[in-house]
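Shown next, in structure tokens, is the structure this report addresses.
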Amino acid sequence: MKTEITVKNLNKSFGRLKIIKDISFNVKRGEFVSVIGPSGCGKTTLLHLIHGFTERTEGKISVNGTICFVFQDHNLFPWMNVSENIAVGPLNQGKSITEVAKITRTILKEVGLSPFKNFYPNQISEGMKQRVGIARALANKPEILLMDEPFGSLDCLTKLRMQDLLMKLKKELNLTILLVTHDIDEALRLSDRVIVLSERPAKIIRIMERNEFNREKILRLLT
Amino acid sequence: MKNKSFLSFFVFLVLWQVLTMVFDVNKTLFPSPIRVFLSLFESKQIFIDMSVSLARLIAGALIGILAGILFGLITGEFAFANETFGQLANFFRFIPPLALVPLFIVWFGIGESPKVLLLAFTAFFPVWISTFNGVQNIEEKYRLVAKSLNIRKLFLIKEIIMKGSLPYILNGARLGISFAFSVLVAAEMLGAYFGIGYRLSFLQSVYKIDLMIGYIIILGIIGLVIDRFFLSISKKLTPWKNEN
């Protein structure tokens, strides 16, 4: 099944406040696309629109494939341990206990959290929480991941490790990823393409292919 | 800390004993603790009365707690339900439970039903309010996660709303049973043949003050045990609230 995101002439306003102005782009199957822009420009709103958390004011969005969201603050359920947080999606899908246990075991191993399966979110580090957030999304077997600054609150070393993990999972599971970040280096390190947004209302200033990546160019576009 | 509380109980008993020995008090009206405990040991009714009272309390509180949880979940999750039934329930919340005793007696007689219903009525409201608050306090971000995982409504209510509200529900249940407990004795005074409340009323009529005080002490102990039991259950059911 073809997996892609198509956004055409997207506009979003909250009352009289225009957040997103006339954005059009697509994401092809298996691509890693980053969206970068100043704080508060509407990056998160863009992801929310694509997922369907909020309604667009104008324009078209089409998504071909199962989609899952990884939140900025992981948003783990505090009353569920690591294992239970990951199992929520498969349990909701009606899978048997045995199947759910197998899925959870496999994903815990993938993200390196097997020893922590019975720990609660308040007992693990921020980096671990973010890994659980990603694992919870992957347990749903999505084809597309929407990621809202998933590594924003992590220290440099943990961030690099998480980025490596993400690339590894992307390759193994053939994921399509749309990542929102304010970190230029992260965008350049991980992506096939980078979409640069302006200040609010967000418009696309430039879409850069990998062979055009240039840190200084992006900085100039953002300032 | 436990040692300090036992010490304070011990000091209280010693002081009480000393005061009854030192001062020339009427030993019938102001019996010593030794006299009180002896009267409890001599009593043949104490276990029957305790069992009957506890059975009424558990039956009534259980009905009230379950109804309160269900109503709290429905009014907390569905705005329509809260707008239509919530205000009606709020009206009944302000009726003192003991005001209903004469009416319940007329409707249901003086058997077990009116007592159990009264206890259920009393326990219901704190549980309803707490559960409602618990549901309303489920942060929007968890609902977004549920949406991102395409979680079905029933699954959402069971795994996220109910479990997320559990600390509130348990706190409400703890309050509910303590309110019901305070109403139990009064309800038993107005139409029963067994139970702590009935026995207190009877002992007053025969001037058996030492055993009356003994029964009151038993009430305090039962109340403490129930409260500790609920605290212990809450700790077990909400492990994420315990310290790291």
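FYI, side chains are in, hydrogens and waters are out, and symmetry mates aren't considered; it's all heavy atoms of this structure. Each chain gets a letter, A, B and so on, in the order its sequence line appears, and its residues count up from 1.
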Could you pull out all donor-acceptor pairs under 3.5 Å where a side-chain atom in residues 58-66 of chain B meets a protein atom, sequence neighbours excluded?
none

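More than 12 heavy atoms of other residues, nucleotides or ligands shown are found within 6.0 angstrom of CG on B:Leu88. When the shell of 6.0 Å around CD of A:Glu172 is examined, it contains more than 12 heavy atoms from other residues, nucleotides or ligands. Within 6.0 Å of NZ in A:Lys8 there are 12 or fewer heavy atoms belonging to other residues, nucleotides or ligands. Atom NZ of A:Lys95 has more than 12 neighbouring heavy atoms from other residues, nucleotides or ligands inside a 6.0 Å radius. Heavy atoms of other residues, nucleotides or ligands lying less than 6.0 angstrom from CZ of B:Arg143 number more than 12. A:Phe25 CZ: more than 12 foreign heavy atoms inside a 6.0 Å radius. No more than 12 heavy atoms of other residues, nucleotides or ligands shown are found within 6.0 angstrom of NZ on A:Lys117. In this structure, B:Lys153 places its NZ atom where more than 12 heavy-atom neighbours from other residues, nucleotides or ligands lie under 6.0 Å away.
B:Lys147 approaches A:His51 most closely through the heavy-atom pair O-CE1, 4.0 Å. Here the shortest heavy-atom pairing between B:Trp240 and A:Pro78 reads CB-O, 3.1 Å. Contact record, B:Ser148 with A:Cys68: O-SG, 3.9 Å, taken as the closest heavy-atom pair.
Here the straight-line distance linking atom CG of B:Leu149 with atom CG of A:Leu91 works out to 11.5 Å at 0.5 Å rounding. Considering NZ of B:Lys241 and CH2 of A:Trp79, their distance stands at 10.5 Å, rounded to 0.5 Å. Note that CG of B:Asn150 is 8.5 Å distant from CD of A:Gln93, once rounded to the nearest 0.5 Å. Once rounded to the nearest 0.5 Å, the distance linking CD of B:Glu159 with CD of A:Glu84 reads 8.5 Å.
Interface with chain A: from residues 160-172 of chain B, residues B:Ile160, B:Lys163, B:Gly164 qualify, criterion being any non-hydrogen pair under 4.5 Å. For residues 119-142 of chain B, a heavy-atom distance under 4.5 Å to chain A picks out B:Ile138, B:Lys141, B:Tyr142, given by residue number.
Checked against ring pair (Phe, Tyr, Trp, His ring centres under 6.0 Å), B:Phe108 has the following partners two or more places apart in sequence or in another chain: B:Phe104.
Chain B forms more heavy-atom pairs under 4.5 Å with one residue of A:Asn75, A:Asn92, A:Asp73, A:Leu146 than with any other, namely A:Asn92.
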Item to complete: Evaluate side-chain contact (heavy atoms from CB on, under 4.5 Å) for A:Arg136 paired with B:Val145, printing each intermediate quantity in order.
Response: CA-CA 10 Å; A:Arg136 182 174 61 185; B:Val145 173; 3.5 Å; yes
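Proximity to chain B involves both the backbone and the side chain of A:Phe53, based on heavy atoms less than 4.5 angstrom apart.
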